[in-house]
Amino acid sequence: MRRARLSITGRPVVITGAASGIGRSLARRLSGLGSPVAIADVDEAGLKDAAASLPGPVLARVLDVGDADGVLRFAGEVREWLPAPLAAVFNNAGVAVSSTVLDSLPEDDDWLHQINFHGVVNGTRAFLPVLVAQDDGAIVNTSSVFGLVGMPYQSAYCASKFAVRGFTDALRHELRGTGVRAVTVHPGGITTNIARNARIRKDPEGLGRTKEQMAAQFEAITMTSPDKAAAIIHRGVERGRARILVGPDAYLFDALARIAPTHYYDVIARAEPRLRARQGRARDRAS
Ligand SMILES: NC(=O)c1ccc[n+]([C@@H]2O[C@H](COP(=O)([O-])OP(=O)(O)OC[C@H]3O[C@@H](n4cnc5c(N)ncnc54)[C@H](O)[C@@H]3O)[C@@H](O)[C@H]2O)c1
């Protein structure tokens, strides 16, 4: 089926989780290309810094995306501020928890679901009426490759990202025949602060690693920079994609989930140490 293109470049956008990582890169990229950007994050200092670095018009608000009323208030402010019709809403804010299911703490998993899933639902509910009234624009919800495959020690994260995928797919089909799109983003490993900001009570693999060591190991196997991720997401939305895979590892995970729907982890577990060693060598050569 032919995909209708959607031009968002130079048009207003909303981005949550814009103080760091992919959200910050998206804000910088789109602002640099002329888009007025409304950005939100729970990290006040990071948000201030991000806003100050943007070359164009910006509305910045400290916001917890898990607070449905706060997100509705933010949407009201954005509506007042909009210099032109809204082109896209990037429900990007997210966090991680690493734990075995056996040791998982309900308060950590609830914290994550409130942000990763309910934050996406809150952002969609708050901004969808604006896009529907315009009959134009895109809701772009960030899932993960962990919304395509289940990974050990990531049960809450995987559950939240599978939920984002299901929610966004359902929305896409509801929007058939309208000018509004629903887009799911599945990033592979992106070199951001996500692992450093994660809640990890103890090494889930029992290897006694500190959180910093685990974050460094995660970063060693990431394949994509946040700027590159922002470019892929931007291009995917403009091309009218319903689903955007970000990074070579995302294509690999997607293929594995189809080819070996119950045994994909056998392949991943075998490939992981080799990937880690190769990335480490590449980094040593670059430094
Ligand atoms: N980095 C990766 O490898 C990767 C892979 C797949 C998916 N993702 C997803 O990409 C998105 C962006 O993550 P990132 O990698 O850029 O991480 P990051 O930690 O660099 O950025 C996430 C941002 O979200 C903000 N945030 C956290 N809780 C919030 C809340 N309650 N309300 C508002 N903002 C909040 C943080 O303050 C931070 O600025 C997340 O949804 C994440 O799950 C990341």
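Just so you know, ligand 1 is whichever comes first in the structure, and atom 1 is the first atom listed for that ligand. Computed over heavy atoms, backbone and side chain alike; hydrogens, waters and symmetry mates excluded.
- With a 4.0 Å heavy-atom cut-off, ligand 1 is reached by the side chain of Lys161 but not by its N, CA, C or O.
- Dense packing is recorded around CZ of Arg201, with more than 12 heavy atoms of other residues, nucleotides or ligands lying under 6.0 Å away.
- When each of Val37, Ile39, Leu30 is checked for a side-chain contact (heavy atoms from CB on, under 4.5 Å) with Phe90, only Leu30 meets the rule.
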| field | side-chain contact (heavy atoms from CB on, under 4.5 Å) between Val149 and Leu256, worked out | value | CA-CA 9 Å; Val149 299; Leu256 278 175; 5.6 Å; no
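- Closest to atom 15 (O) of ligand 1 among all protein heavy atoms lies Thr192 OG1, 2.6 Å.
- Among protein heavy atoms, atom 22 (C) of ligand 1 sits closest to Gly94 O, 3.7 Å.
- Enclosure of atom NZ in Lys228 is not indicated, since only 12 or fewer non-hydrogen atoms of other residues, nucleotides or ligands lie within 6.0 angstrom.
- Comparing Asp67, Asn141, Leu63 against atom 33 (C) of ligand 1, the shortest heavy-atom distance belongs to Leu63.
- In this structure, Arg11 pairs ionically with Asp136, as a charged nitrogen and a carboxylate oxygen lie closer than 4.0 Å.
- Residue Val95 has at least one heavy-atom neighbour below 4.0 Å for each of these atoms of ligand 1: 27 (C), 28 (N).
- Counting only heavy atoms from C-beta outward, the side chains of Arg165 and His186 approach each other to under 4.5 Å.
- Taking only non-hydrogen atoms, the option from Ser144, Ala230, Gly189, Gly188 nearest to atom 5 (C) of ligand 1 is Gly188.
- The nearest pair of heavy atoms linking Ser53 to Arg24 is OG-NH2, 4.3 Å.
- Contact annotation for Ala96 and ligand 1: no heavy atom of the residue comes within less than 4.0 Å of the ligand.
- For CD of Gln134, the number of neighbouring non-hydrogen atoms (other residues, nucleotides, ligands) closer than 6.0 Å is greater than 12.
- For ligand 1, the atoms sitting less than 4.0 Å from at least one non-hydrogen atom of Gly21 are 16 (O), 20 (O), numbered in the order shown with element in parentheses.
- Among all heavy-atom pairs drawn from Leu131 and Val180, the shortest one is O-CG2, 3.4 Å.
- Neither the backbone nor the side chain of Phe146 comes within 4.0 Å of ligand 1, counting heavy atoms alone.
- A salt bridge links Asp254 to Arg243: one of the charged nitrogens lies within less than 4.0 Å of a carboxylate oxygen.
- The part of Ile115 lying near ligand 1 is the side chain, judged by heavy-atom distances below 4.0 Å.
- When hydrogens are left out, the protein atom nearest atom 9 (C) of ligand 1 is Thr142 CG2, 3.6 Å; that is the closest non-hydrogen contact.
- Any N or O atom pair closer than 3.5 Å counts here, and Asn193 shares at least one such pair with ligand 1.
- Closest to atom 19 (O) of ligand 1 among all protein heavy atoms lies Asn197 ND2, 3.3 Å.
- Both the backbone and the side chain of Ile22 come within 4.0 Å of ligand 1, judged by heavy-atom distances.
- Counting protein heavy atoms only, atom 31 (N) of ligand 1 is closest to Asp64 OD1, 2.8 Å.
- More than 12 heavy atoms of other residues, nucleotides or ligands lie within 6.0 Å of NE2 in His173, so this atom counts as buried by the packing criterion.
- Of all protein heavy atoms, the one closest to atom 8 (N) of ligand 1 is Tyr157 OH, 3.5 Å.
- For atom 38 (C) of ligand 1, the nearest protein heavy atom (residue, atom name, distance) is Asp41 OD2, 3.5 Å.
- If you check which protein heavy atom lies closest to atom 11 (C) of ligand 1, you get Asn92 O, 3.0 Å.
- Residue Val145 has no N or O atom closer than 3.5 Å to an N or O atom of ligand 1.
- Applying the 6.0 Å contact sphere to CD of Glu107 captures more than 12 heavy atoms from other residues, nucleotides or ligands.
- Which parts of ligand 1 touch Ser143 is read off a 4.0 Å heavy-atom cut-off, strictly below it: atoms 7 (C).
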